[in-house]
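Below: the structure, in structure tokens.
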Amino acid sequence: MGPASVITSVGRFINNLRFRKSDQTSEAIACVSKALHESEKYFLRLEQGSERSEEREHQISDLWEHAAEPVRRVDREFSSWCRYKARYWLTRDRYTAEEIKQLNIGLDNMNKRMHELMDEN
């Protein structure tokens with residue numbers, strides 16, 4: 001294998017890694033986007049007078065937990081935020097506004113971080 005062949009192979013390998021990273025980031029963004037959207041819809045319904053639903057809150061928790069794994073592949077810190085958000089939805093009443101802020105799990109903060117991931121790609 002000559003030098004040109006090695007360079008071509010290395011180039012293909014690097015491009016493959018870039019595409020894989022891009023695919024992983026896209027999957028992470030899609031999962032977080034869905035969890036954010038469902039969270040926002042739920043809060044909107046509450047603001048409009050709907051009753052709280054433990055079943056729906058558990059479903060939203062599952063969305064955040066599901067998002068944590070693809071996010072872990074691209075951003076470990078953000079993944080931990082997703083896991084905290086999943087726990088939050090299981091036990092919402094136990095969290096104070098200050099704890100939500102300290103854990104970086106407010107919806108605005110989660111949305112901001114998702115957009116940062118989008119901008120990185």
Would you say that [X] contacts [Y] through its side chain, given a criterion of any heavy-atom pair below 4.5 Å between the two side chains?
X	Y	value
Trp81	Leu103	no
Ile60	Arg56	yes
Lys41	Glu38	yes
Val32	Cys82	yes
Asp75	Arg113	yes

Value rounded to 0.5 Å, distance of [atom1] in [X] from [atom2] in [Y]:
X	Y	atom1	atom2	answer
Gln102	Tyr95	CD	OH	12.0 Å
Met118	Asn111	CE	CG	9.0 Å
Ser50	Tyr42	OG	OH	9.0 Å
Cys31	Leu36	SG	CG	11.5 Å
Glu55	Glu57	CD	CD	11.0 Å

Does a sphere of radius 6.0 Å around CG in Asp108 hold more than 12 heavy atoms from other residues, nucleotides or ligands, not counting ones at 6.0 Å or beyond?
no
Counting only N and O atoms by type, is there a donor-acceptor contact under 3.5 Å from the side chain of Glu99 to the main-chain atoms of Thr96?
yes
Show the nearest heavy-atom pair for residues Met110 and Asn104, with the distance to one decimal.
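Residues Met110 and Asn104, closest heavy atoms: SD-O, 3.5 Å.
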So which heavy atom on Ser79 is nearest to which on Ala68, and how close?
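Heavy atoms of Ser79 and Ala68 come nearest at OG-O, 2.7 Å.
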Regarding Glu69 and Arg72, does a basic nitrogen lie under 4.0 Å from an acidic carboxylate oxygen?
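Yes, Glu69 and Arg72 are salt-bridged.
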N/O donor to acceptor pairs below 3.5 angstrom from side-chain atoms of residues 84-92, sequence neighbours left out:
{"from": "Lys85", "atom 1": "NZ", "to": "Ile105", "atom 2": "O", "distance (Å)": "2.6"}
{"from": "Thr91", "atom 1": "OG1", "to": "Arg87", "atom 2": "O", "distance (Å)": "3.1"}

Only one of Glu120, His115, Met114 clears side chain to side chain contact (heavy atoms under 4.5 Å, CB included) with Leu117; which?
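Exactly one pass, corresponding to Glu120.
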Does Val74 belong to the same Ile/Leu/Val/Met/Phe/Trp/Tyr cluster as Trp64, with side-chain heavy atoms less than 4.5 Å apart forming each link?
yes
State plainly whether one hydrophobic cluster holds both Ile100 and Phe78, where clusters connect Ile, Leu, Val, Met, Phe, Trp and Tyr through side-chain heavy atoms under 4.5 angstrom apart.
yes
